[in-house]
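Numbers restart at 1 for each chain; the letters A, B, ... are given by sequence-line order, proteins then strands.
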Amino acid sequence: MNDQTRLMHSHGVGMAGHPGLAQHMQDGTAGTDGEGRKQDIGDILQQIMTITDQSLDEAQARKHALNCHRMKPALFNVLCEIKEKTVLSIRGGQEEEPPDPQLMRLDNMLLAEGVAGPEKGGGSAAAAAAAAAAGGVGADNSTEHSDYRAKLSQIRQIYHTELEKYEQACNEFTTHVMNLLREQSRTRPISPKEIERMVSIIHRKFNSIQMQLKQSTCEAVMILRSRFLDARRKRRNFNKQATEILNEYFYSHLSNPYPSEEAKEELAKKCSITMSQVSNWFGNKRIRYKKNIGKFQEEANMYAARTAVSATSVSAQGSQANSPSTPNSAGGYPSPCYQPDRRIQ
DNA sequence: CCCTATGATTCGAA
DNA sequence: TTCGAATCATAGGG
């Protein structure tokens, strides 16, 4: 952009305040004899060299005079053409660059993380989905989860306001430059094509700024994510209540400790953990129980007794929703002393 | 420190 | 896909 500005500037000076030329043309005596013309050109050049000595008002007046001259459009076109052929052609061919792969990568990531996607709901849903996909986070750590979401939406908000700001600045700047160029095109050779080119240069510039924003947003998300991931990697035991609920189900279905999808869902809800965590828990429990029944004897007895007690008190309590359906039948794991659904005598 | 408990992950089989 | 089994990695208790 710099050289272009310089270019415009130099042309601007040359044309805008060209007293000699203006006067010369207004005389209507231009080009009557070769000698005189040469002399005129010499004058013109001389005055161009000394243009900076002129006051602003003087230059303005001459500019106006020049602008109204009947030869102006023709002169303008010629100058435009010359300019196009000489300077601008150097820059030709570098347009239409292919979409930056890195930019696409950034865009994709922002979209995937729910930063760049549709508003609020979709965003956090995407975040939750991403988190879940990365390995089934426990809703048990709902504080961490919401923390993550809050931070993400914070990033998202900053990103969007910044983006909007850039957009606005870009538009403002573009219209400003366009107005300026249009204004100046009355006095110096600026073709519409050139304006267009200028606009595209501005947009490219702002795009690179936007890319920086995207880059830093991505970094922020990565940092947040890694921190969240680390937090998740640190195993947290389920809380006591959840363990009790799971154990209760396990021991009361000891002969067939395979909760159905619905049962898993219900357990997950009750324990505030995910279904995959429920599955993990039952997988672990089954294998560990089987491996060492003796070790779990006491626990089994305890839960069996508790279930029995709760079963007897159901009539009174009326709200014992635990251990849904499918009680014991033969063929499961070897049972400890108590049959889970057998009442204490 | 060590040791055990425990949630998560991986992998092969059904 | 789900399960069992082995294994990993951390929590948590001495």
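- Residues satisfying the side chain to side chain contact (heavy atoms under 4.5 Å, CB included) test with A:Thr243, not counting sequence neighbours, are A:Phe238, A:Asn247.
- Distances shorter than 4.0 Å separate none of the side-chain N or O atoms of A:Lys291 from OP1 or OP2 on C:dG4.
- Annotation for A:Ile158: hydrophobic cluster partners, listed by chain and number, are none (ILVMFWY side-chain heavy atoms under 4.5 Å, direct or chained).
- Residues satisfying the side-chain hydrogen bond (donor to acceptor under 3.5 Å, both in side chains) criterion with A:Lys165, sequence neighbours excluded, are A:Glu162.
- Residue pairs meeting the ring-ring contact (aromatic ring centres under 6.0 Å, His included) criterion with at least one member in residues 200-219 of chain A, sequence neighbours excluded, do not occur.
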Table of protein N/O atoms under 3.5 Å from nucleotides 5-7 of chain B N/O atoms:
residue: B:dT6; atom: O2; partner: A:Arg235; partner atom: NE; Å: 3.0
residue: B:dT6; atom: O2; partner: A:Arg235; partner atom: NH2; Å: 3.1
residue: B:dG7; atom: OP2; partner: A:Trp281; partner atom: NE1; Å: 3.4
residue: B:dG7; atom: N7; partner: A:Arg288; partner atom: NH1; Å: 3.1
residue: B:dG7; atom: O6; partner: A:Arg288; partner atom: NH2; Å: 2.6

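- The salt bridge (Lys or Arg N to Asp or Glu O under 4.0 Å) search around A:Lys193 returns A:Glu84, not counting sequence neighbours.
- Put simply, OH on A:Tyr289 is 15 Å from P on C:dA5, counting in whole angstrom units.
- In this structure, CD1 of A:Ile287 is placed 16 Å from P of B:dA13, rounded to the nearest angstrom.
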